[in-house]
Amino acid sequence: MNHIKPSKRIKRNLRIFAVCLLASVFLWASFVLGETYKSVLTYPIHFKTSSFSDSRIESSENSIQVEITDNGFPVLFRKWLSRKQEIQFSLKELKIKPHNGKAVFWCENYKSEIARQLHLDKDKFTILTNSIDLKWIPLEQKNVSPLLNVELHFKNQHKLYSNPVIYPKTITLHGSKKSLKNIRYIETKPFVLSGLSHSFWKIFSLKTFPEYPDVVVPLPYILVYFPVEKYTEISLDVPITVQTNRHEQIRIFPDKAKVVASVALKDFKSVTPDLFQLTLNFDEHVSGGNTLPLHLTQFPDFVKIQQIQPENVQYVIIKK
């Protein structure tokens, strides 16, 4: 005769009980969820205008209610498990035209489109919201300049050859007069570019204005050209010109100064001393001193000045 230990008997009975419980729950759920149920659900709704529209839309309702009639599981899933999808309508596509800045959106007229967006059978739901009043609010326009929020890191000896070129140069914003008066520019989203060694084009996304929800940015990005060149150092001896309204003869020591600059390799051969002008203004003379500062009054815009040696020169006045 086989004897089963009490602990094993309990475990076996628990397994049998669990299987029976699961089977009962499954049968009960199949029966209950197979029944037809009704449930009222609320879905957000948004009316879009063209990005270049001169007005925005205010609606009397931001959501609509629908009553779904379906088996238990689809109703349960939509009510508790699924995210409430936003219903969107383009007024341009719907060809709704305002009268005196107002119009009415009759929900039942667009049941087929609502069913498509919500993935519902047209015959399994009823729209409880009858209509939504729409109002067109005129918008102002303002042109602002894009502002680059970009950090550039170059390879050794490489620099920007000139200022970045931005397309377009201005962005037209749409919004209320109250909001637009506080906006002076539109900034790009922050970006870091590293290892730069050649010229390139780059698209940058523009920031929006969450603090001004009525402001529309029609163009979400700008195109920027960065001219990058490799630079080297150049040193030139430039003659010093003395400027004075006095009649005395002025002699300076030295009569030339060294201008140290960085220049792009492509421009190196075209840089000559006659492109630079160093001046000493003797009318800045202060009694008791015998030196005056030098001023670089002319130099090519494609070079970057690093140093002038010396920065001051001595002078003597030769009286006639």
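Quick note: residue numbers are just sequence positions, from 1. The structure presented is a predicted model; accordingly, all values stated were derived computationally and were not measured. Keep in mind that the numbers below use all heavy atoms, side chains included, and drop hydrogens, waters and symmetry copies.
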When you compare the side chain of [Y] with that of [X], does any pair of heavy atoms fall below 4.5 Å?
| X | Y | answer |
| --- | --- | --- |
| N100 | K102 | no |
| Y167 | V224 | no |
| L296 | I308 | yes |
| S270 | F302 | yes |
| I252 | L280 | yes |

task: Inspect the surroundings of NZ in K207 and state if more than 12 heavy atoms from other residues, nucleotides or ligands are less than 6.0 Å away.
output: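 Result for NZ/K207: enclosed.
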- prompt: Does NE2 belonging to H153 count more than 12 external heavy atoms closer than 6.0 Å?
  reply: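 Buried by this count: over 12 neighbours within 6.0 Å.
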Quick one: does [X]'s side chain have a donor or acceptor within less than 3.5 Å of a partner on [Y]'s backbone?
| X | Y | answer |
| --- | --- | --- |
| D214 | G175 | no |
| S63 | P44 | no |
| Q157 | Y231 | yes |
| S59 | E61 | yes |

Determine, using the 4.5 Å side-chain heavy-atom cutoff (strictly less than), whether [X] and [Y] are members of one ILVMFWY cluster.
| X | Y | answer |
| --- | --- | --- |
| I45 | V40 | no |
| L147 | L180 | no |
| V260 | V271 | no |
| V66 | L128 | no |
| V259 | F268 | yes |

Looking only at heavy atoms, which two atoms of [X] and [Y] are closest? And how far apart?
| X | Y | answer |
| --- | --- | --- |
| P210 | P213 | O-CD, 3.8 Å |
| P168 | I222 | CD-CG2, 4.2 Å |
| P310 | L294 | O-CD1, 3.3 Å |
| L292 | N281 | CD1-O, 3.8 Å |
| T291 | Y315 | N-CE2, 3.5 Å |
| I132 | T129 | CG1-CG2, 4.4 Å |

field: Any side-chain donor near an acceptor of the partner, E67 and Q65, under 3.5 Å
entry: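 Not at all, the side chains of E67 and Q65 share no donor-acceptor pair under 3.5 Å.
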- prompt: If we ignore angles and hydrogens, is there a donor and acceptor under 3.5 Å between the side chains of E311 and Q309?
  reply: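 No, no side-chain donor-acceptor pair sits under 3.5 Å.
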Spatial distance of atom [atom1] ([X]) from atom [atom2] ([Y]) [nearest 0.5 Å]:
| X | Y | atom1 | atom2 | value |
| --- | --- | --- | --- | --- |
| H174 | Q141 | NE2 | CD | 4.5 Å |
| E58 | I137 | CD | CD1 | 4.0 Å |
| S199 | E229 | OG | CD | 5.5 Å |
| T170 | L173 | OG1 | CG | 9.5 Å |
| T272 | L236 | OG1 | CG | 8.0 Å |
| Y43 | I87 | OH | CD1 | 8.0 Å |

Aromatic ring pairing W201/Y225, orientation class (parallel under 30°, perpendicular over 60°, tilted between):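 W201 and Y225: tilted rings.
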What side-chain donor-acceptor pairs closer than 3.5 Å can you find for residues 237-244, not counting sequence neighbours?
from	atom 1	to	atom 2	distance (Å)
T244	OG1	R246	N	3.0

task: Starting from the C-alpha separation in whole Å, work towards a yes-or-no answer on side chain to side chain contact (heavy atoms under 4.5 Å, CB included) for H119 and Q85.
output: CA-CA 10 Å; H119 306 289; Q85 181 180 344; 4.0 Å; yes
Scan the side chains in residues 181-198 for donor-acceptor partners under 3.5 Å anywhere in the protein, sequence neighbours excluded, and list what turns up.
from	atom 1	to	atom 2	distance (Å)
N182	ND2	K178	O	3.3
E187	OE2	N149	ND2	3.0
T188	OG1	N149	N	2.8

Evaluation steps, ring pair (Phe, Tyr, Trp, His ring centres under 6.0 Å), between Y221 and F204: CA-CA 5 Å; Y221 57 84; F204 294 95; over 10 Å; no
Under 3.5 Å donor-acceptor pairs involving side-chain atoms of residues 159-166, not counting sequence neighbours:
from	atom 1	to	atom 2	distance (Å)
K159	NZ	S262	OG	3.2
Y161	OH	D267	OD2	2.6

Just distance, no hydrogens or angles: give the donor-acceptor pairs under 3.5 Å from side chains in residues 107-115, sequence neighbours left out.
from	atom 1	to	atom 2	distance (Å)
K111	NZ	K122	O	3.2
K111	NZ	F125	O	2.9
S112	OG	K122	NZ	3.0
E113	OE1	R116	NE	3.1
E113	OE2	R116	NE	3.4
E113	OE2	R116	NH2	2.7
E113	OE2	Q117	NE2	2.9

- request: Return the set of residues passing ring-ring contact (aromatic ring centres under 6.0 Å, His included) with F200 (not counting sequence neighbours), or none when no residue passes.
  value: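 By the ring-ring contact (aromatic ring centres under 6.0 Å, His included) rule, F200 matches F226.
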field: Residues F253, V313; criterion side chain to side chain contact (heavy atoms under 4.5 Å, CB included); working and verdict
entry: CA-CA 6 Å; F253 304 95; V313 297; over 6 Å; no
Working for side chain to side chain contact (heavy atoms under 4.5 Å, CB included), residues V303 and F276: CA-CA 11 Å; V303 302; F276 298 78; 4.2 Å; yes
task: With sequence neighbours left out, write down each residue that passes salt bridge (charged side-chain N to carboxylate O under 4.0 Å, His left out) with E233, or none if nothing qualifies.
output: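 Salt bridge (charged side-chain N to carboxylate O under 4.0 Å, His left out) list for E233, sorted by chain: empty.
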